[in-house]
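Remember, it's a predicted structure, so these values are computed and weren't measured experimentally. The sequence lines fix the lettering, A, B, ..., with proteins before strands; numbering per chain opens at 1. These values consider heavy atoms only, across backbone and side chains, with no hydrogens, waters or symmetry-generated copies.
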2 protein chains.
Amino acid sequence: MAEPGGRRRAGDDGRAGGGRRRPGLDGEQVVGAALRIADADGLAAVTVARVAADLGVRAPSLYNHVDGLDGLVRGIALRALGDLEAALSRASVGRSGSAAVRAAADAYRAYALAHPGAYAATQQARPDADPELQAAAQRTTEVLLAVLRDWRLEGDELIHAARAVRSALHGFVVLEADAGFGLPVDRDASFAWLVTMLIGGLDATRDR
Amino acid sequence: MAEPGGRRRAGDDGRAGGGRRRPGLDGEQVVGAALRIADADGLAAVTVARVAADLGVRAPSLYNHVDGLDGLVRGIALRALGDLEAALSRASVGRSGSAAVRAAADAYRAYALAHPGAYAATQQARPDADPELQAAAQRTTEVLLAVLRDWRLEGDELIHAARAVRSALHGFVVLEADAGFGLPVDRDASFAWLVTMLIGGLDATRDR
DNA sequence: CATCTGAACTAATGGTCGTAGTTTAATTCC
DNA sequence: GGAATTAAACTACGACCATTAGTTCAGATG
């Protein structure tokens, strides 16, 4: 088997009549396959070989669409940040004050639980010298800043508060994903408590 | 070069007069070398080959002392958790209330900043079916529980509070280590703000 | 139909972890 | 002191992995 030069059909389901010159793979599909693997089997299961196999293609072929393994996790992270931003926006629109914080926090955790591999990719991808990744992270952060509007914080204090909220949410979902909470105590209740504490802390800074 | 069977002296500096049967390596030294590499060049730089090279030994030799790469990061995590617990205890002893929380939080962050690779190992090591690792994590958690004593929380509420504090601290130091804070705002001040928020949140639950 | 672009291929390199089997040094026992 | 035992380090391999170089051919363009 494996005739030399044997051409495989690798993307002939739908969208074959577009303006593209060839019906094969593209970067979107490759990153999509990697994202599915990451969420199903963990980010560590995302290898060039595995993604290629899932797409019915040899490993080197992926380099035509994606910049190696780093490009793969970068692509996952980019998509994850976009989806997370959208989820946060959806949850917080039309709400204000503590209700907005609560809704955004729940959406944040829900995304991380539903897409553990994608969320992990946002940690692993290095934003140094990657403006696109930085911008995506910035957009996500700005949703959190907007959620804090009612506390009327200004300048650095707003940044401090946003960092605090993000740290708390990030820490919780990471510990939860890594099975870091040993005791058999309801995690939903712990998360609600965390959010209540954050809101209490924000209120405390207001009437200080 | 590299005569077959050439014996290397690999641990003849100091402590050669102990009761050990052989002056070669032992698990402590191997994990110690791995820990140094992790803190200096990142946890990803910890490979069996690299640790062996640093010890002046061939890679397979390490398997006499440590259970492969997983054993290496497990060993690092174990030592990190012990050191972290000690640092937290040292910082919080003799203090109470918000002063104790502040001191413990500062010690937590200081450890993570001083030992980024070791701290990362505590995330990567999987505690499933590893009672020793679970116990070490539990001991660290108990210091945090003790720090919260003055808030007189009971039962699940104490667990919720401890998880919240740990999540916040963990999230902050992870984001800080991954260069996750984009904007040029003083990180020390942000951390102090986070701790103030946590204390405010704890107080809010007391007079609720 | 001829040309050309580029997507996928084969082949090869160098890195990783881990195992099997061997050699030999150090210790212990007689 | 010499023999037996223990175990630490070795060489040699195998199975992956990512990545690069060079080749082939399918499909679109003129």
Side-chain angles (χ1 to χ4, degrees), chain A residues 1-12 15-31 33-34 37-38 41-76 124, chain B residues 1-12 15-31 33-34 37-38 41-76 124:
Chain A
M1 60 195 78
E3 249 106 59
R7 166 104 305 107
R8 305 287 181 73
R9 31 124 205 91
D12 49 354
R15 73 195 302 285
R20 297 308 201 291
R21 295 168 48 98
R22 200 96 173 262
L25 298 173
D26 65 5
E28 299 285 313
Q29 291 178 29
V30 174
V31 171
I37 294 168
D41 297 348
L43 187 59
V46 175
T47 67
V48 175
R50 168 75 187 276
V51 173
D54 278 25
L55 290 167
V57 139
R58 304 290 185 173
S61 306
L62 297 191
Y63 287 77
N64 291 318
H65 308 289
V66 161
D67 190 12
L69 183 60
D70 288 349
L72 232 33
V73 333
R74 194 191 96 107
I76 299 175
Q124 183 156 323
Chain B
M1 63 196 75
E3 249 106 57
R7 167 107 298 112
R8 308 289 182 75
R9 29 127 209 93
D12 50 352
R15 74 196 301 286
R20 298 307 203 295
R21 296 168 45 99
R22 199 93 173 265
L25 297 173
D26 65 5
E28 298 285 314
Q29 291 178 30
V30 174
V31 171
I37 294 167
D41 296 349
L43 186 58
V46 175
T47 66
V48 176
R50 169 75 187 276
V51 174
D54 278 24
L55 290 168
V57 140
R58 305 290 185 173
S61 305
L62 298 191
Y63 288 78
N64 290 319
H65 308 288
V66 160
D67 190 11
L69 183 62
D70 287 349
L72 232 32
V73 333
R74 194 190 95 108
I76 298 175
Q124 184 157 322

Query - Degree of bending in the helix from dC1(C)-dG30(D) to dC30(C)-dG1(D) once both end axes are built from five pairs, to 10° - result: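 Here the helix ends are tilted 0° relative to one another.
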Report task. Calculate, to the nearest 0.5 Å, the distance between atoms NE2 and CD belonging to His65(A) and Glu28(A) respectively. Result ->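 If I round to the nearest 0.5 Å, the distance is 12.0 Å.
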Requested in this report: Nearest 0.5 Å please: distance from the CG atom of Leu43(B) over to the CD1 atom of Ile37(B).
Outcome: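 The CD1 atom of Ile37(B) is 10.5 Å from CG of Leu43(B), to the nearest 0.5 Å.
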Query raised in the report: Taking OP1 and OP2 of dC10(D), is either one under 4.0 Å from a side-chain nitrogen or oxygen of Ser61(B)?
Result: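 For Ser61(B), the contact criterion (side-chain N or O under 4.0 Å from OP1 or OP2 of dC10(D)) is met.
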Query raised in the report: Are His65(B) and dA7(D) close enough that a side-chain N or O sits under 4.0 Å from OP1 or OP2?
Result: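 Checking His65(B) against dA7(D): no side-chain N or O falls below 4.0 Å of OP1 or OP2.
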Query raised in the report: What's the verdict on side-chain contact (heavy atoms from CB on, under 4.5 Å) for Leu62(A) and Leu55(A), showing C-alpha distance, side-chain angles and the deciding distance?
Result: CA-CA 10 Å; Leu62(A) 297 191; Leu55(A) 290 167; 4.0 Å; yes
Table please: side-chain donor-acceptor pairs of residues 67-76 of chain A below 3.5 Å, with sequence neighbours left out.
{"unit_1": "Arg74(A)", "atom_1": "NH1", "unit_2": "Asp130(A)", "atom_2": "OD1", "d": "2.7"}
{"unit_1": "Arg74(A)", "atom_1": "NH1", "unit_2": "Asp130(A)", "atom_2": "OD2", "d": "2.9"}
{"unit_1": "Arg74(A)", "atom_1": "NH2", "unit_2": "Glu132(A)", "atom_2": "OE1", "d": "3.1"}

**Report entry** Qualifying residues under side-chain contact (heavy atoms from CB on, under 4.5 Å), relative to Asp41(B), sequence neighbours excluded
**Finding:**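 side-chain contact (heavy atoms from CB on, under 4.5 Å) list for Asp41(B), sorted by chain: Ala45(B), Arg50(B).
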**Report entry** Qualifying residues under side-chain contact (heavy atoms from CB on, under 4.5 Å), relative to Ala59(B), sequence neighbours excluded
**Finding:**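 side-chain contact (heavy atoms from CB on, under 4.5 Å) list for Ala59(B), sorted by chain: Val48(B), Ala52(B).
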Report task. Kindly indicate whether the side chain of Asn64(A) and the base of dA8(C) share any N or O donor-acceptor pair separated by less than 3.5 Å? Result ->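 Yes, a donor-acceptor pair under 3.5 Å.
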For nucleotides 18-22 of chain D, give me every protein contact, N/O to N/O, under 3.5 Å, one pair per line with atom names.
{"unit_1": "dA18(D)", "atom_1": "OP1", "unit_2": "Val48(A)", "atom_2": "N", "d": "2.6"}
{"unit_1": "dA18(D)", "atom_1": "OP2", "unit_2": "Val48(A)", "atom_2": "N", "d": "3.3"}
{"unit_1": "dA18(D)", "atom_1": "OP2", "unit_2": "Ala49(A)", "atom_2": "N", "d": "3.0"}
{"unit_1": "dT19(D)", "atom_1": "OP2", "unit_2": "Tyr63(A)", "atom_2": "OH", "d": "2.7"}
{"unit_1": "dT19(D)", "atom_1": "OP2", "unit_2": "Leu69(A)", "atom_2": "N", "d": "2.7"}
{"unit_1": "dT19(D)", "atom_1": "O5'", "unit_2": "Tyr63(A)", "atom_2": "OH", "d": "3.1"}

Report task. Measure from CG on Leu62(A) to C1' on dC9(C) and round the result to the nearest Å. Result ->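 Result: 13 Å.
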